[in-house]
Peer 1: 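Pasting a structure here, questions to come.
All residue numbers in this chain count up from 1 along the given sequence. Heavy atoms only: backbone and side chains are in, while hydrogens, waters and symmetry mates are out.
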Amino acid sequence: MYATERHEHITSRVKTSGRVSVADVSRELGVTAETIRRDLDQLETSGVLRRVHGGAVSAARASVAEASLADRQGQRSDAKATIARAALRLIPETFSGSIVIDAGTTTAHLADLLVTWRPATAGQTLTVITNSVPIAATLHHCDHVELHLLGGRVRGITSAAVGSTTVDELGRFRPDIAFVGANGVSADFGLSTPDELEGAVKSAIVRGSRRAVVLADAAKLGEEALIRFAALDEIDTVITDEVVPTTLGDALEAAGVEVVVA
């Protein structure tokens with residue numbers, strides 16, 4: 001098989017599934033893994049794909065960049081609101097426990113809904129822990145919310161408290177439910193975010209909660225950002241707005257993760 005034919009095959013596979021593995025393409029085309037690696041190098045140089053460990057991903061899907069909170073607020077807002085409504089159903093009026101709400105735009109929609117949420121028993125409060133300054137601002141006047149705002153250095157791009165202080169404070173809590181945002185949810189890479197400090201906070205949230213719920217609109221599914229903060233088997237539920245792609249869906253099922261399509 002000529003190099004041009006191999007390149008066409010690899011390009012087609014990347015366009016169809018978003019990624020290819022060296023082992024799979026080598027087996028399909030009956031050539032050595034080293035040949036496929038050279039092909040991937042050439043295709044990366046031409047901008048068709050980006051090399052990753054064990055293979056390659058589409059150039060458009062590699063290493064998701066970090067957008068500011070202001071830029072993200074208007075993106076897919078209807079989908080995020082739908083996901084937030086589904087997340088709110090995990091907090092029934094009879095719920096008397098504690099939750100942690102991660103920084104982000106989808107989680108901010110959940111905070112907006114909690115303003116009008118009311119417990120079944122008068123005088124009862126919902127304990128809410130967050131590292132998000134905007135989410136704290138949304139909830140701090142609510143009589144039915146006992147709010148804990150985590151300390152730390154606030155990143156301007158996300159308005160989130162991060163750093164060792166934030167992680168240490170999270171270690172003091174054992175919330176019943178964690179609502180976590182992610183920039184990428186991938187079958188191979190798990191849950192990811194572009195920033196290392198944000199990733200450390202998200203990891204602490206996932207580790208410390210009794211139930212970890214990821215709120216991710218369809219644009220995040222199959223994506224990979226720079227920093228992995230959790231493997232799929234470390235989370236309990238993913239709430240999204242569209243049917244999950246087969247490869248990711250199979251991986252979530254194998255990891256025992258519940259998928260809720262809002």
Peer 1: Identify whether the distance between the nearest side-chain nitrogen and carboxylate oxygen of Lys220 and Asp217 falls below 4.0 Å.
Peer 2: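 Answer for the salt bridge query: yes.
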
Peer 1: Just by distance, do the side chain of Arg51 and the backbone of Leu40 share a donor-acceptor pair under 3.5 Å?
Peer 2: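 Checking the backbone N and O of Leu40 against the side chain of Arg51, no donor-acceptor pair under 3.5 Å is found.
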
Peer 1: Is it true that a side-chain atom of Ser209 and a backbone atom of Ile177 form a donor plus acceptor pair closer than 3.5 Å?
Peer 2: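 No, the answer is negative, given that no donor and acceptor are paired below the 3.5 Å cut-off.
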
Peer 1: Mark yes or no for whether Gln124, through its side chain, and Phe95, through its backbone, hold a donor-acceptor pair below 3.5 Å.
Peer 2: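 Indeed, once roles are kept as given, a pair shorter than 3.5 Å links the two residues.
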
Peer 1: Tell me whether Ser12 contacts the main-chain N or O of Glu8 through its side chain, where contact means a donor paired with an acceptor under 3.5 Å.
Peer 2: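 Side chain of Ser12 to backbone of Glu8, a donor-acceptor pair under 3.5 Å: no, none is there.
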
Peer 1: Check this for me, if you would: do Glu224 and Arg50 make a salt bridge, where the nitrogen-to-carboxylate-oxygen distance has to be below 4.0 angstrom?
Peer 2: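 No salt bridge links Glu224 with Arg50.
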
Peer 1: Mind listing the closest non-hydrogen atom pair of Ala160 and Glu198 along with its distance?
Peer 2: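 Looking at all heavy atoms of both residues, the shortest contact is CB-OE2, 3.8 Å.
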
Peer 1: So, Asp39 side chain and Ala3 main chain: donor-acceptor pair closer than 3.5 Å or not?
Peer 2: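 Such a contact is absent between Asp39 side chain and Ala3 backbone.
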
Peer 1: Keeping the roles fixed (side chain from Ser46, backbone from Leu43), state whether a donor-acceptor pair exists under 3.5 Å.
Peer 2: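 Between the backbone of Leu43 and the side chain of Ser46 there is a qualifying donor-acceptor contact (under 3.5 Å).
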
Peer 1: Applying salt bridge (Lys or Arg N to Asp or Glu O under 4.0 Å), which residue pairs with at least one partner in residues 91-102 are found, sequence neighbours left out?
Peer 2: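 Applying salt bridge (Lys or Arg N to Asp or Glu O under 4.0 Å) to every pair that reaches into residues 91-102, excluding sequence neighbours, yields Asp102-Lys202.
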
Peer 1: Which label fits His148 and Phe173: parallel for a plane angle under 30°, tilted from 30 to 60°, or perpendicular past 60°?
Peer 2: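 Judged by the thresholds at 30° and 60°, the geometry between His148 and Phe173 is perpendicular.
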
Peer 1: Between the main-chain N or O of Ser98 and the side-chain N or O of Asp176, is there a donor-acceptor pair closer than 3.5 Å?
Peer 2: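 Judged by distance alone, yes, a pair lies under 3.5 Å.
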
Peer 1: Tell me, please, which residues at least two apart from Arg37 pass side chain to side chain donor-acceptor pair (under 3.5 Å).
Peer 2: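 Side chain to side chain donor-acceptor pair (under 3.5 Å) check on Arg37 returns nothing, list empty.
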
Peer 1: For Asp188, check side chain to side chain donor-acceptor pair (under 3.5 Å) against everything at least two apart and list the hits.
Peer 2: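 Residues passing side chain to side chain donor-acceptor pair (under 3.5 Å) with Asp188: Arg19.
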
